[in-house]
Protein chains: 2
Amino acid sequence: MEYTVQKLGRMAGISTRTLRYYDEIGLLKPARINSSGYRIYGAKEVDRLQQIMFYRELDVCLQDIKAIVTNPSFDGVKALQGHLGELLIKREQIDAIIANVRKTLASTEGRMTMLDKEKFTGLKKKMVDENEQKYGKEIREKYGIDAVEHSNKAFKNMSQENFERMNNLAEKIHVVLAEAIATADPASQVAQKAADLHKQWITLAWGHYDKEAHAGLAQMYVDDARFTAYYDKKLPGTAALLRDAIYIMTGTEK
Amino acid sequence: MEYTVQKLGRMAGISTRTLRYYDEIGLLKPARINSSGYRIYGAKEVDRLQQIMFYRELDVCLQDIKAIVTNPSFDGVKALQGHLGELLIKREQIDAIIANVRKTLASTEGRMTMLDKEKFTGLKKKMVDENEQKYGKEIREKYGIDAVEHSNKAFKNMSQENFERMNNLAEKIHVVLAEAIATADPASQVAQKAADLHKQWITLAWGHYDKEAHAGLAQMYVDDARFTAYYDKKLPGTAALLRDAIYIMTGTEK
DNA sequence: CTTACACCTTTACGTAACGTCAATGTCAAG
DNA sequence: CTTGACATTGACGTTACGTAAAGGTGTAAG
């Protein structure tokens, strides 16, 4: 089946402007342009738009969505499984807000009292903790870890070659970490291998290497929910194991 | 308890910039300014911020939130009950998206097939139906009903006096409609009274009266989920009854 | 007492994800 | 062959803030 902008837009519930914008930023390009310059979308584009809308539903910004879905090693099925988990979390957050509304109603009726800070439970978005607020910002400023968070900004100045090497390294790290988790020993040879691979990845990402920064990042992986979600997806405890291995390798004391 | 910007922001999980912006647009003004020019918030402001954040969670734009919470006849308890309903709807929408992800996963595994348009169920935001798309736009352009939707734009050119008269009328309409729903007869005297009150309301809102436009708006009340949610909140069928009463009054044929 | 440091202020420009014209070309139907 | 719904590319507008600049305030520690 083939679609013009309007047909696709109507089907997906978005405007033609949105589709043109997605084309403009390279997020979703039409399968082809016909002789009159019209955008024509095919089956592949429909599926991709669906993925895009799933990510958008989870408040991922378009730049990040682009980095994710245009990544040559993008795995649609894994992404869908990820959506499932995130959506369940989102539903729990809504349940928390619903509970808050119920409590607030009860408090206005005098059936109970609420502390001021309780009035915002469920409405606060994340904010790992005060420590992260304080040191997280500091360490990011110091070592430019923001560049790691926002993949696109980091990748912008990177050659396609380096990008692929990084992807390969990332996959290897995953595999090696899966082996290491079985031993559960951060000093084991395989865990140290993972730490070393991660060091190589850092070097590519930052353009240089710094032990202290590496250790700081490792701790952040454990503290920051987004990172643990990434590393602990399949095997819980992976983030902590990687951190401990990096601590050993860099000679960092806890 | 009193709060400075940072304390309140930290408690509610928002930035100080956001609080300053809310002050700037008149959405949430501090209780007082101290001798050094610092913004000081009190208990009332905390509760108001909570209401604001509930509305924001439901994707209401700040301009509309302002129109709602600064309205002198704003009823906090009713608002909370409304939030409850909207949040339950939102949870259902998330459930729909979850179902979609599950189906999509099943289809990638070949356990079932999906039509292209099924791939977007739950992701489409509203779009009542094609009819609304077509005639809704037309009627809005013709009669300026967009001005009714976005209260602020409509109220901008309206004197405070008219605004209060409209609010009084709206309350009366509610009361009379509640009586009318008991008879269930759009031709009944009380239902016709409601239709007449609504006519007066329209006249104030639009600055003029037009039978055809009034009938069109009545149909929109039934078709548009936002309107039915408003009119049918307590008593289902109210929107349809009002429409039928207006049809009779204006001599419109279905 | 002053030095540090985390607060606070206003002013002002930047950003994301489109909405909304404007000006113009295309195509199927009557 | 005109009409009306479609398409195109600019280009400027909007919302809800982020972010930096330049400076005043409050308190704890040296």
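Order of the sequence lines sets the chain letters (A, B, ...), proteins ahead of strands, with each chain counted from 1.
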Output all residues satisfying side-chain contact (heavy atoms from CB on, under 4.5 Å) with A:Asp59, sequence neighbours left out; order by chain, then residue number.
-> A:Lys90
Interatomic spacing from NE2 in A:His83 to OH in A:Tyr55 - rounded to 0.5 Å = 4.5 Å
The correct set of residues in residues 17-41 of chain B placing a heavy atom under 4.0 Å from DNA chain D is B:Arg17, B:Thr18, B:Tyr21, B:Tyr22, B:Ser36, B:Tyr38
Taking A:Asn100 for the side chain and A:Lys119 for the main chain, is one N or O donor matched with an acceptor at less than 3.5 Å?
-> yes
For A:Lys7, all residues meeting side-chain contact (heavy atoms from CB on, under 4.5 Å), sequence neighbours excluded = A:Tyr3, A:Thr4
What integer distance in Å separates B:Lys7:NZ from C:dC8:P?
-> 9 Å
Below 4.0 angstrom, N of the basic side chain to O of the carboxylate: do B:Arg20 and B:Asp23 qualify?
-> no
B:Ser107 side chain to B:Thr104 side chain, donor-acceptor N/O pair below 3.5 angstrom = no
Chain B on DNA chain D: first and last contacting nucleotide, 5' to 3', under 4.0 Å to a heavy atom?
-> D:dA16 to D:dG26
Under the side-chain contact (heavy atoms from CB on, under 4.5 Å) rule, collect the residues that match up with A:Arg102, sequence neighbours excluded.
-> A:Ile98, B:Leu84
Kindly write out the residues that satisfy side-chain contact (heavy atoms from CB on, under 4.5 Å) with A:Ile33, not counting sequence neighbours, or none if the list is empty.
-> A:Pro30, A:Arg39
Between C:dC8 atom P and B:Glu2 atom CD, what is the distance in whole Å?
-> 14 Å
